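One structure is given below, encoded as structure tokens.
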Amino acid sequence: MKNYICFDIGGTSVKYGILNEDSSILMKDSFPSDALEVGGIGIINNIVTKVNELKNTYELNGVAISTHGMVDSNRGIVLYADDHLIPKYSGLNVKKKVEEETGLVCHIENDVNSAGLGELWNRSDIESENVSMLTVGTGIGSCLIHRGRLISGDSMTSGEIGKIHIDGGVFEDIASTSALCHRIEDRLGLDRGSVNGQMIFEKIEQDDQVYIEELDYMIDKLAVGISTMAYIYNPGTIILGGGIMARSDYFEPRLSSALKKYLNPMILEKTNIVFASLKNDAGMVGALKNFLNRSITIK
């Protein structure tokens, strides 16, 4: 069975692993991205080093990458990345550099697109032809999948739902986990970075009304954005991911109730909302699925 080395690039860390072609993980680890210090080119240099190092231990058949940013996955170029997360990453031809310096075929895809492919590949409970994944974290990202294949759009940026405007603001500036934390910090006069997802649920369990009110506000705005996605794309299944969504026990009943306010009952009845299951491995697994999809297409 063929082995592939898979990477998931974020602003804080780079997760990587050796996966075989049925998505089984043979080993996995991570290293700090040091993005603000080394920038996009430094991260890719470190990935090249890691690939060449592991080639001595494993027989590798390709390099699969999931990454932050808008990606032209046909050419392997990062079209745009936020400089405050990964400086000087925009415009980098990752595919060309990795292939030239490792001798292995490389395919790269946006992280949310990868996560959606990975989740769909590893679940037997999703039968919908049209599937979306929405991830909630520092920002909000989404992807669109039709019959197991990504819908990329003419400029390779389909699914950028976090950038749409709702209720007088940008969706991810209103309904992301970062936005939730910032609102709580502002209400309580706390320094930036004082509040995180784990703390929020600890406070909610202590019946802290500020935390409860702000999370309920977030859920309401998520329902607006999810309803917008459902009206435009009409997916049979929407997968919700991101660290805070691990508390599906809290989100599921409240989000279901909020969706009833914004989504036509006929559409809501046929829209299955599920929560991500692969957690931190979704990017790597999805990067591999993207690699395999593209290898089949090329052949």
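The shown structure was predicted, so the numbers you read here are calculated from the model rather than taken from an experiment.
Atom OG of S33 sits about 9.5 Å away from atom CG of N46, to the nearest 0.5 Å. Note that CE of M284 is 13.5 Å distant from CG of D111, once rounded to the nearest 0.5 Å. Annotation: the span from F291 atom CZ to L117 atom CG amounts to 14.0 Å, rounded to 0.5 Å. In this structure, CZ on R187 lies 9.5 Å from CD on Q209, to the nearest 0.5 angstrom. In this structure, K15 NZ and N280 CG are separated by 5.0 Å, a value rounded to the nearest 0.5 Å. With rounding to the nearest 0.5 Å, the separation of CG in L92 from CD1 in I44 is 6.0 Å.
Heavy atoms only, all atoms of each residue included: S194 and M199 are closest at O-CE, 2.8 Å. L60 and V51 get closest at one heavy-atom pair: CD1-O, 4.2 Å. Taking every heavy atom of both residues into account, W121 and L288 meet most closely at CH2-CD2, 3.9 Å. Between T237 and S128, the shortest heavy-atom distance links the atoms OG1-OG, 2.7 Å. Here the closest non-hydrogen pair linking P253 and S248 is CD-O, 4.2 Å. Contact record, L54 with Y16: CD1-CE1, 4.0 Å, taken as the closest heavy-atom pair.
Other residues, nucleotides and ligands contribute at most 12 non-hydrogen atoms within 6.0 Å of the CE atom of M266. Q198 CD: 12 or fewer foreign heavy atoms inside a 6.0 Å radius. Within a 6.0 Å radius of CD in E53, other residues, nucleotides and ligands contribute more than 12 heavy atoms. Summarising the local packing, CD of E59 is surrounded by 12 or fewer heavy atoms from other residues, nucleotides or ligands at distances under 6.0 Å. Heavy-atom contacts from other residues, nucleotides or ligands closer than 6.0 Å to NZ of K270 number 12 or fewer. For CG of D191, the number of neighbouring non-hydrogen atoms (other residues, nucleotides, ligands) closer than 6.0 Å is 12 at most. The environment of D154 atom CG is sparse: at most 12 non-hydrogen atoms of other residues, nucleotides or ligands sit within 6.0 angstrom.
For the pair N45/T49, no side-chain contact is recorded, criterion being any heavy-atom separation below 4.5 Å from C-beta on. Residues L104 and V98 form no side-chain contact, since every pair of their non-hydrogen atoms from C-beta on lies 4.5 Å or further apart. I273 places a side-chain heavy atom less than 4.5 Å from the side chain of L259. Contact of the F7 side chain with the I5 side chain is registered, since non-hydrogen atoms from C-beta on lie closer than 4.5 Å. With a 4.5 Å cut-off on side-chain heavy atoms, R192 and D186 count as touching. Inter-residue side-chain proximity for L255 and L240 is flagged as met; some heavy-atom pair is nearer than 4.5 Å. Counting heavy atoms from C-beta on, the side chains of T138 and S176 never come closer than 4.5 Å. In this structure, L144 and P235 have side chains that are not in contact, with every pair of non-hydrogen atoms separated by 4.5 Å or more.
Applying the salt bridge (Lys or Arg N to Asp or Glu O under 4.0 Å) test between K97 and each of E99, E101, E100 identifies E101 as the sole match. Test N110, N74, N113 against M156 for side-chain contact (heavy atoms from CB on, under 4.5 Å) and you get one pass: N74. Just one of S114, C6, C106 meets the side-chain contact (heavy atoms from CB on, under 4.5 Å) condition when paired with I65; it is C106. Only one option out of I41, D82, D83, T67 pairs with Y89 in a side-chain contact (heavy atoms from CB on, under 4.5 Å); it is T67.
In this structure a side-chain-to-backbone donor-acceptor pair under 3.5 Å is present from R149 to N293. No donor-acceptor pair closer than 3.5 Å links the side chain of E119 to the backbone N or O of A276. Side-chain atoms of S256 come within 3.5 Å of backbone N or O of E252 as a donor-acceptor pair. Without hydrogens or angle criteria, K261 side chain to D220 main chain gives no donor-acceptor distance under 3.5 Å. Without hydrogens or angle criteria, E185 side chain to G193 main chain gives a donor-acceptor distance under 3.5 Å. A donor-acceptor distance shorter than 3.5 angstrom exists from the side chain of T228 to the backbone of V224, with no hydrogens or angles considered. D34 places no side-chain N or O within donor-acceptor distance of the main-chain N or O of E37, the cut-off being under 3.5 Å.
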After noting the C-alpha distance and the side-chain angles of N272 and D125, does the key distance pass the side-chain contact (heavy atoms from CB on, under 4.5 Å) rule? CA-CA 10 Å; N272 185 30; D125 61 337; 5.9 Å; no

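A cation-pi contact links R254 to Y250, judged by a cut-off of 6.0 Å to the six-membered ring centre and 45° from its axis.
Hydrophobic clustering, with ILVMFWY side chains joined whenever heavy atoms are under 4.5 angstrom apart, groups V136 together with I212.
Between the side chains of N264 and Y262, not a single donor N or O lies within less than 3.5 Å of an accepting N or O.
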